[in-house]
Protein chains: 2
Amino acid sequence: MFEARMAQAALLKKVLEAVKDLVTDANWDCTSAGISLQAMDSSHVSLVSLLMRKDGFDMYRCDRPISLGINIASMTKIMKCANNNDAVTLRAEDEGDTVVFTFESADQEKVSEFEMKLMDIDSEHLGIPEREHTATVKMPASEFHGICRDLSTIGETVQVSVTKEGVQFTASGDTGKGTITLRNNSSVDEESQQVVITMQEELSLSFALRYLNFFTKATALADSVTLSMTADLPLVVEYRIEDTGYIRYFLAPKIDDDDDEDNN
Amino acid sequence: MFEARMAQAALLKKVLEAVKDLVTDANWDCTSAGISLQAMDSSHVSLVSLLMRKDGFDMYRCDRPISLGINIASMTKIMKCANNNDAVTLRAEDEGDTVVFTFESADQEKVSEFEMKLMDIDSEHLGIPEREHTATVKMPASEFHGICRDLSTIGETVQVSVTKEGVQFTASGDTGKGTITLRNNSSVDEESQQVVITMQEELSLSFALRYLNFFTKATALADSVTLSMTADLPLVVEYRIEDTGYIRYFLAPKIDDDDDEDNN
DNA sequence: ATGGTACTCC
DNA sequence: GGAGTACCAT
């Protein structure tokens, strides 16, 4: 028996928003420690990794590990039926082929139950090593969101260049070129507004904006986002989910990492 | 001569919103008592019945009964030209083939007139008997709206089950099953938020959500909606129009009213 | 209440 | 493929 209850449906809704454009089906792997999900996007370019630890839940019970194969669109539809401050309970029998969502309104006058069929999904459970990166940039999530959106109107690729002084995002295309520079400002009062750079050496990598724009669907989940970069290794874009875990996205850099590239 | 004036164009706009998706042409039957309209929807499945008593108007005059055959889309277009708090006057000559809409802005600084051609419409004026029902459920109109919208994502049919304790709405489909339960809570302070059940005996009937979703276009007209049900008879969905009358929708239950039905 | 998006019909 | 319509989200 698996059963987990969270006080605010809003959280799960936001998680789905952050996943649904990238992934059609995924296994939600539930253990006594919590829920995790790993999936490649449908074009096998990027990877999403979600962790929700059991302490992020009001109530959490998982008698034995269970993998819930879920169609994300169906789950999204169901979660749309919850109000943001409904309590949500997920329940699955060990040998069952369904999961049941229960929504309870704050005033207890309304209870909704949605039963969803589970799927069999080949899970490519990729062990992703936690590694040190050459450079990390922590910045306001909404700032990153805006930068990716804006640069998309210029070109398809963004070049991210990190120095001790700051981070620079550049895109170019037919209409011209756009560059956005954020200064390292870890001294700003509000932590959520800080731009904090940690690095061993300067570095410059290019990424497909199309995927970054999918990643920024997680903006509602966290005030800050952290970009972790190492030459020739995938970028990691991490949003911490308060008290609960994180959602991380992985995206390999474009190989043509030079300024002369003009065929975006 | 027929002439009627209402202080707020908003009311007539909302009435049109509540009718236009269901009915293309309809006779507005005007008598000294007021205006009424009855029409089947275009697929002859459901029925709309509108009543606006003369006391709902600022000014009302109807020398002899007259039936105004109106294309609802045309009238909607014309009413879109009125501001919500314009006063509206409808005027038709006894032997004429047009109706004139006059909009006067609140500050009297602007007057608009639109003349619309009338149509000849075969009116199937169905005498609908007022009858006692086995069960009625009064609930917040917005709640009913949300339930119909949410369950539409699950299946095409909703089963409505009424007991003394509450009312339950259930739909099922390929992706699973959804159930929403509202407790009878007539003791809630705000009358508009109450769920009030009146019943002779428990009952469970199924309806096509497609039509219920057309009916909920009337949500803006009233805080509450009342569902009246009797086995094998059409459901009546009633929105009271404050001080004026009502709009009622009728929809026959689906015949397969059992839980084993799986071909929604 | 209004604007954007997504769907459906033509 | 385009326009109109309906729905959702802000």
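Here is the naming used below: chain letters follow the sequence lines, and residue numbers restart at 1 for every chain.
Of the candidates D:dA9, D:dC7, D:dC8, D:dC7 carries the atom nearest the B:Lys217 side chain, counting heavy atoms from C-beta on. Candidate nucleotides D:dA6, D:dC8, C:dA1 were compared by shortest atom distance to the side chain of B:Lys20, and D:dA6 ranks first.
Distance, B:Lys77 NZ to D:dG4 C1': 10 Å, rounded to whole Å. Atoms CG (B:Asn213) and C1' (D:dC7) sit 10 Å apart, rounded to a whole Å. As a whole-Å value, the separation of B:Asn85 CG from C:dA1 C1' is 13 Å. Rounded to whole angstrom, the span from the NE2 atom of B:His145 across to the C1' atom of D:dC7 amounts to 9 Å. Per the geometry, CG belonging to B:Asp21 stands 18 Å off P belonging to C:dC7, to the nearest Å. Note: NZ (B:Lys80) to C1' (D:dT5) measures 10 Å, nearest angstrom. If you measure from atom CZ of B:Arg210 to atom P of D:dT5, you get 16 Å, rounded to the nearest angstrom. If you take CG of B:Asn84 and P of C:dA1, they are 7 Å apart, rounded to a whole angstrom.
Judged by distance alone, the side chains of A:Thr76 and A:Lys20 never bring a donor and an acceptor atom under 3.5 Å apart. Using a 3.5 Å distance cut-off with no hydrogens or angles, the side chains of B:Asn213 and B:Ser152 do pair a donor with an acceptor. A donor-acceptor pair shorter than 3.5 Å cannot be found between the side chains of B:Gln159 and B:Ser206.
In A:Gln193, the CD atom is crowded: over 12 heavy atoms of neighbouring residues, nucleotides or ligands sit closer than 6.0 Å.
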